[in-house]
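What follows is one structure encoded as C-alpha coordinates, with my remarks underneath.
Proteins come first, then strands; the chains are lettered A, B, ... in the order of their sequence lines, and each starts at number 1. Atoms considered below: every heavy atom in the structure, side chains included; atoms not considered: hydrogens, waters and symmetry mates. What you see is a predicted model, and the numbers here were worked out from it, not measured in a lab.
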Amino acid sequence: MRKPFGLKILDGVTLLAFAVAVALVFFYAPLEAQMGAVQKVFYFHVAAGWTGMLGFVVAAVTSALYLITRNPRWDGFSVSGVEIGLVFMLINIVSGSIWAYPTWNTWWTWDVRLTTATIMELIYLAYGLLRQGVDDPERRRRFAAVYALLGFVSVPITFVSIRLFNSIHPVVIGAGGEMPTMAFTPAMQVAFFGSLIAFSFIFVDLFWHRLLLANWAERVDALKARFEDVEGGMK
Amino acid sequence: MTTPDTVLYMWIGYGVIFGVMGLYVLRLWWGTRRLRQQEAELRRLLAEEDPPDSSLGTIGRG
(Lines give C-alpha, C1' and ligand atoms only; values in the text may rest on other atoms or scores of the structure.)
Protein backbone atom coordinates (compact mmCIF):
# COMPACT_ATOMS: atom_id res chain seq x y z
CA MET A 1 0.00 0.00 0.00
CA ARG A 2 1.57 3.26 -1.10
CA LYS A 3 1.27 6.59 0.63
CA PRO A 4 -1.34 8.72 -1.24
CA PHE A 5 0.10 11.61 -3.23
CA GLY A 6 -2.13 14.06 -1.36
CA LEU A 7 -0.63 12.89 1.95
CA LYS A 8 2.90 13.40 0.62
CA ILE A 9 1.97 16.98 -0.28
CA LEU A 10 0.34 17.45 3.13
CA ASP A 11 3.49 16.11 4.86
CA GLY A 12 5.53 18.78 3.09
CA VAL A 13 3.08 21.60 3.82
CA THR A 14 2.84 20.51 7.48
CA LEU A 15 6.62 20.44 7.92
CA LEU A 16 6.84 23.89 6.36
CA ALA A 17 4.05 25.27 8.56
CA PHE A 18 5.70 23.76 11.65
CA ALA A 19 9.08 25.28 10.74
CA VAL A 20 7.45 28.69 10.22
CA ALA A 21 5.66 28.41 13.60
CA VAL A 22 8.94 27.51 15.37
CA ALA A 23 10.67 30.47 13.69
CA LEU A 24 7.83 32.82 14.68
CA VAL A 25 7.94 31.69 18.31
CA PHE A 26 11.72 31.81 18.73
CA PHE A 27 12.82 34.60 16.40
CA TYR A 28 9.80 36.86 15.79
CA ALA A 29 7.73 37.00 19.00
CA PRO A 30 9.28 39.33 21.59
CA LEU A 31 10.12 38.31 25.13
CA GLU A 32 7.23 38.87 27.52
CA ALA A 33 8.19 41.49 30.11
CA GLN A 34 7.12 39.68 33.29
CA MET A 35 7.42 35.96 32.54
CA GLY A 36 10.50 36.11 30.34
CA ALA A 37 11.48 33.29 27.98
CA VAL A 38 9.24 30.65 29.57
CA GLN A 39 6.17 32.52 28.22
CA LYS A 40 7.15 31.16 24.78
CA VAL A 41 6.03 27.72 25.94
CA PHE A 42 2.50 29.12 25.91
CA TYR A 43 2.31 29.31 22.09
CA PHE A 44 2.68 25.55 21.58
CA HIS A 45 0.98 24.75 24.91
CA VAL A 46 -2.26 26.35 23.68
CA ALA A 47 -1.83 24.95 20.16
CA ALA A 48 -1.41 21.44 21.62
CA GLY A 49 -4.59 21.92 23.67
CA TRP A 50 -6.43 23.05 20.53
CA THR A 51 -5.19 19.98 18.62
CA GLY A 52 -6.15 17.65 21.47
CA MET A 53 -9.67 19.05 21.67
CA LEU A 54 -9.95 18.86 17.87
CA GLY A 55 -9.19 15.14 18.14
CA PHE A 56 -11.93 14.67 20.73
CA VAL A 57 -14.42 16.66 18.62
CA VAL A 58 -13.66 14.46 15.60
CA ALA A 59 -14.04 11.36 17.80
CA ALA A 60 -17.45 12.52 19.06
CA VAL A 61 -18.77 13.41 15.58
CA THR A 62 -17.56 10.15 14.01
CA SER A 63 -18.87 8.12 16.96
CA ALA A 64 -22.31 9.63 16.35
CA LEU A 65 -21.94 8.80 12.65
CA TYR A 66 -21.03 5.21 13.56
CA LEU A 67 -24.11 4.84 15.76
CA ILE A 68 -26.30 6.17 12.94
CA THR A 69 -24.76 4.24 10.04
CA ARG A 70 -23.04 1.28 11.80
CA ASN A 71 -20.24 1.64 9.26
CA PRO A 72 -16.97 0.38 10.91
CA ARG A 73 -15.06 3.03 8.97
CA TRP A 74 -16.31 5.70 11.39
CA ASP A 75 -15.01 3.67 14.32
CA GLY A 76 -11.51 3.91 12.81
CA PHE A 77 -11.95 7.69 12.58
CA SER A 78 -13.04 7.81 16.22
CA VAL A 79 -10.08 5.74 17.49
CA SER A 80 -7.67 7.92 15.52
CA GLY A 81 -9.23 11.11 16.89
CA VAL A 82 -9.04 9.90 20.50
CA GLU A 83 -5.44 8.71 20.13
CA ILE A 84 -4.21 12.02 18.70
CA GLY A 85 -6.32 13.92 21.24
CA LEU A 86 -4.70 12.00 24.11
CA VAL A 87 -1.16 12.65 22.84
CA PHE A 88 -1.69 16.38 22.40
CA MET A 89 -3.61 16.86 25.64
CA LEU A 90 -0.70 15.15 27.41
CA ILE A 91 1.65 17.68 25.78
CA ASN A 92 -0.72 20.45 26.84
CA ILE A 93 -0.89 19.37 30.49
CA VAL A 94 2.83 18.66 30.94
CA SER A 95 4.02 21.81 29.13
CA GLY A 96 1.51 23.83 31.18
CA SER A 97 2.99 22.43 34.37
CA ILE A 98 6.51 23.36 33.22
CA TRP A 99 5.32 26.89 32.41
CA ALA A 100 3.57 27.08 35.80
CA TYR A 101 6.64 26.39 37.94
CA PRO A 102 8.58 29.60 37.26
CA THR A 103 5.33 31.57 36.84
CA TRP A 104 3.16 30.37 39.75
CA ASN A 105 6.03 28.93 41.82
CA THR A 106 4.42 25.49 41.79
CA TRP A 107 4.36 22.59 39.31
CA TRP A 108 0.71 21.85 39.98
CA THR A 109 -2.34 23.30 41.65
CA TRP A 110 -5.88 21.94 41.65
CA ASP A 111 -7.12 24.94 39.72
CA VAL A 112 -10.38 24.39 37.81
CA ARG A 113 -8.70 24.35 34.37
CA LEU A 114 -5.94 21.98 35.39
CA THR A 115 -8.42 19.70 37.13
CA THR A 116 -10.96 19.56 34.29
CA ALA A 117 -8.19 19.01 31.71
CA THR A 118 -6.78 16.13 33.76
CA ILE A 119 -10.22 14.55 34.19
CA MET A 120 -10.78 14.88 30.42
CA GLU A 121 -7.46 13.13 29.73
CA LEU A 122 -8.32 10.31 32.15
CA ILE A 123 -11.80 9.90 30.61
CA TYR A 124 -10.26 9.38 27.18
CA LEU A 125 -7.56 7.07 28.59
CA ALA A 126 -10.42 4.91 29.86
CA TYR A 127 -11.79 4.85 26.28
CA GLY A 128 -8.78 2.74 25.30
CA LEU A 129 -9.24 0.45 28.29
CA LEU A 130 -12.91 -0.02 27.44
CA ARG A 131 -12.03 -1.06 23.89
CA GLN A 132 -9.52 -3.61 25.15
CA GLY A 133 -12.11 -5.09 27.51
CA VAL A 134 -14.72 -6.02 24.86
CA ASP A 135 -13.93 -8.94 22.54
CA ASP A 136 -16.86 -8.83 20.12
CA PRO A 137 -15.92 -6.24 17.45
CA GLU A 138 -19.46 -4.95 16.89
CA ARG A 139 -20.12 -4.53 20.63
CA ARG A 140 -16.70 -2.93 21.09
CA ARG A 141 -17.43 -0.36 18.40
CA ARG A 142 -20.90 0.37 19.79
CA PHE A 143 -19.77 0.69 23.42
CA ALA A 144 -16.79 2.86 22.40
CA ALA A 145 -19.00 5.15 20.32
CA VAL A 146 -21.46 5.69 23.17
CA TYR A 147 -18.58 6.24 25.61
CA ALA A 148 -16.88 8.74 23.28
CA LEU A 149 -20.13 10.70 23.04
CA LEU A 150 -20.63 10.71 26.83
CA GLY A 151 -16.96 11.54 27.43
CA PHE A 152 -17.18 14.48 25.07
CA VAL A 153 -19.14 16.36 27.74
CA SER A 154 -15.76 16.95 29.44
CA VAL A 155 -14.41 18.89 26.43
CA PRO A 156 -16.66 22.00 26.49
CA ILE A 157 -16.55 21.95 30.32
CA THR A 158 -12.73 22.12 30.18
CA PHE A 159 -12.83 24.89 27.58
CA VAL A 160 -15.26 27.17 29.43
CA SER A 161 -14.16 26.31 32.99
CA ILE A 162 -11.86 29.34 33.36
CA ARG A 163 -14.66 31.61 32.19
CA LEU A 164 -17.24 30.21 34.59
CA PHE A 165 -15.21 29.71 37.78
CA ASN A 166 -12.46 31.56 39.62
CA SER A 167 -9.17 30.45 38.15
CA ILE A 168 -5.52 31.54 38.10
CA HIS A 169 -5.17 30.13 34.59
CA PRO A 170 -5.05 33.01 32.09
CA VAL A 171 -7.78 33.35 29.47
CA VAL A 172 -5.97 33.25 26.13
CA ILE A 173 -8.77 33.35 23.57
CA GLY A 174 -11.37 36.10 23.90
CA ALA A 175 -12.04 38.52 26.74
CA GLY A 176 -11.68 37.02 30.20
CA GLY A 177 -13.70 39.63 32.13
CA GLU A 178 -12.19 39.77 35.61
CA MET A 179 -10.03 36.70 34.97
CA PRO A 180 -6.29 37.04 34.22
CA THR A 181 -5.69 37.41 30.48
CA MET A 182 -2.68 37.11 28.20
CA ALA A 183 -1.77 40.58 26.94
CA PHE A 184 -0.39 39.84 23.47
CA THR A 185 1.45 42.39 21.35
CA PRO A 186 0.70 42.21 17.59
CA ALA A 187 3.94 40.21 17.02
CA MET A 188 2.91 37.77 19.77
CA GLN A 189 -0.51 37.39 18.13
CA VAL A 190 1.16 36.47 14.82
CA ALA A 191 3.23 33.76 16.60
CA PHE A 192 0.16 32.57 18.49
CA PHE A 193 -2.15 32.21 15.48
CA GLY A 194 0.75 30.90 13.37
CA SER A 195 1.17 28.12 15.95
CA LEU A 196 -2.56 27.35 15.90
CA ILE A 197 -2.55 27.08 12.09
CA ALA A 198 0.60 24.92 12.08
CA PHE A 199 -0.86 22.56 14.69
CA SER A 200 -4.10 22.32 12.71
CA PHE A 201 -2.04 21.07 9.73
CA ILE A 202 -0.19 18.68 12.07
CA PHE A 203 -3.54 17.31 13.28
CA VAL A 204 -4.87 16.64 9.77
CA ASP A 205 -1.57 15.09 8.68
CA LEU A 206 -1.23 12.80 11.72
CA PHE A 207 -4.91 11.90 11.51
CA TRP A 208 -4.55 10.80 7.88
CA HIS A 209 -1.44 8.75 8.77
CA ARG A 210 -3.26 7.13 11.71
CA LEU A 211 -6.24 6.24 9.49
CA LEU A 212 -3.91 4.60 6.98
CA LEU A 213 -2.38 2.61 9.82
CA ALA A 214 -5.84 1.47 10.95
CA ASN A 215 -6.76 0.42 7.39
CA TRP A 216 -3.51 -1.45 7.03
CA ALA A 217 -4.05 -3.26 10.33
CA GLU A 218 -7.47 -4.38 9.04
CA ARG A 219 -5.88 -5.76 5.85
CA VAL A 220 -3.29 -7.68 7.85
CA ASP A 221 -6.02 -9.04 10.15
CA ALA A 222 -7.98 -10.22 7.09
CA LEU A 223 -4.86 -11.91 5.70
CA LYS A 224 -4.20 -13.56 9.08
CA ALA A 225 -7.76 -14.89 9.22
CA ARG A 226 -7.43 -16.26 5.68
CA PHE A 227 -4.07 -17.81 6.48
CA GLU A 228 -5.55 -19.54 9.55
CA ASP A 229 -8.42 -20.83 7.34
CA VAL A 230 -5.96 -22.22 4.81
CA GLU A 231 -3.86 -23.81 7.55
CA GLY A 232 -6.98 -25.25 9.21
CA GLY A 233 -8.17 -26.68 5.88
CA MET A 234 -4.86 -28.43 5.27
CA LYS A 235 -4.79 -30.18 8.67
CA MET B 1 13.15 34.57 39.09
CA THR B 2 16.14 35.41 36.94
CA THR B 3 16.13 35.31 33.14
CA PRO B 4 18.42 32.23 32.87
CA ASP B 5 15.87 30.30 34.95
CA THR B 6 13.02 31.12 32.59
CA VAL B 7 15.20 30.18 29.61
CA LEU B 8 15.87 26.78 31.20
CA TYR B 9 12.15 26.14 31.73
CA MET B 10 11.41 27.26 28.19
CA TRP B 11 13.85 24.63 26.86
CA ILE B 12 12.45 21.95 29.18
CA GLY B 13 8.94 22.84 27.96
CA TYR B 14 9.90 22.66 24.29
CA GLY B 15 11.91 19.50 24.96
CA VAL B 16 8.72 17.84 26.21
CA ILE B 17 6.61 19.21 23.35
CA PHE B 18 9.03 18.16 20.57
CA GLY B 19 9.89 14.92 22.38
CA VAL B 20 6.32 13.66 22.73
CA MET B 21 5.42 14.72 19.18
CA GLY B 22 8.54 12.97 17.89
CA LEU B 23 7.68 9.80 19.80
CA TYR B 24 4.17 9.78 18.32
CA VAL B 25 5.51 10.21 14.78
CA LEU B 26 7.92 7.35 15.53
CA ARG B 27 5.00 5.22 16.74
CA LEU B 28 3.14 5.79 13.46
CA TRP B 29 6.29 5.09 11.40
CA TRP B 30 7.15 1.99 13.40
CA GLY B 31 3.55 0.71 13.22
CA THR B 32 3.51 1.15 9.44
CA ARG B 33 6.86 -0.64 9.09
CA ARG B 34 5.73 -3.55 11.29
CA LEU B 35 2.45 -3.97 9.35
CA ARG B 36 4.29 -3.81 6.02
CA GLN B 37 6.58 -6.64 7.15
CA GLN B 38 3.65 -8.69 8.47
CA GLU B 39 1.70 -8.25 5.23
CA ALA B 40 4.70 -9.32 3.13
CA GLU B 41 5.29 -12.35 5.36
CA LEU B 42 1.62 -13.40 5.26
CA ARG B 43 1.46 -13.05 1.48
CA ARG B 44 4.60 -15.18 1.17
CA LEU B 45 3.14 -17.88 3.45
CA LEU B 46 -0.18 -17.80 1.61
CA ALA B 47 1.59 -18.13 -1.73
CA GLU B 48 3.44 -21.19 -0.40
CA GLU B 49 0.40 -22.92 1.08
CA ASP B 50 -2.33 -21.80 -1.29
CA PRO B 51 -3.09 -23.65 -4.56
CA PRO B 52 -2.13 -21.60 -7.65
CA ASP B 53 -5.74 -21.20 -8.87
CA SER B 54 -6.96 -19.79 -5.54
CA SER B 55 -8.16 -16.19 -5.27
CA LEU B 56 -6.46 -15.71 -1.90
CA GLY B 57 -3.59 -13.78 -3.40
CA THR B 58 -5.87 -10.87 -4.19
CA ILE B 59 -7.08 -10.31 -0.62
CA GLY B 60 -6.69 -6.76 0.56
CA ARG B 61 -5.23 -5.50 -2.69
CA GLY B 62 -6.52 -2.50 -4.48
**Study point:** Structural part of B/Trp29 lying under 4.5 Å from a heavy atom of chain A
**Key:** neither
Review point. Based on non-hydrogen pairs under 4.5 Å, which of A/Ile202, A/Ile91, A/Asn92, A/Leu90 is most in contact with chain B?
Key: A/Ile91
Check your understanding: Would you call the rings of A/Tyr101 and A/Trp107 parallel, tilted or perpendicular, where under 30° means parallel and over 60° means perpendicular?
Key -> parallel
Point to revise | A/Phe193 and A/Phe184 aromatic centres sub-6.0 Å | key: no
Check your understanding: Taking the six-membered ring for Trp, are the ring centroids of A/Phe26 and B/Tyr14 within less than 6.0 Å of each other?
Key -> yes
Revision key, fill the gap. From the list A/Ser97, A/Ala217, A/Ala48, A/Gly96, the residue making the most non-hydrogen contacts under 4.5 Å with chain B is A/Ala217
Check your understanding: How far does CH2 of A/Trp108 sit from OG1 of A/Thr118, to the nearest 0.5 angstrom?
Key -> 3.0 Å
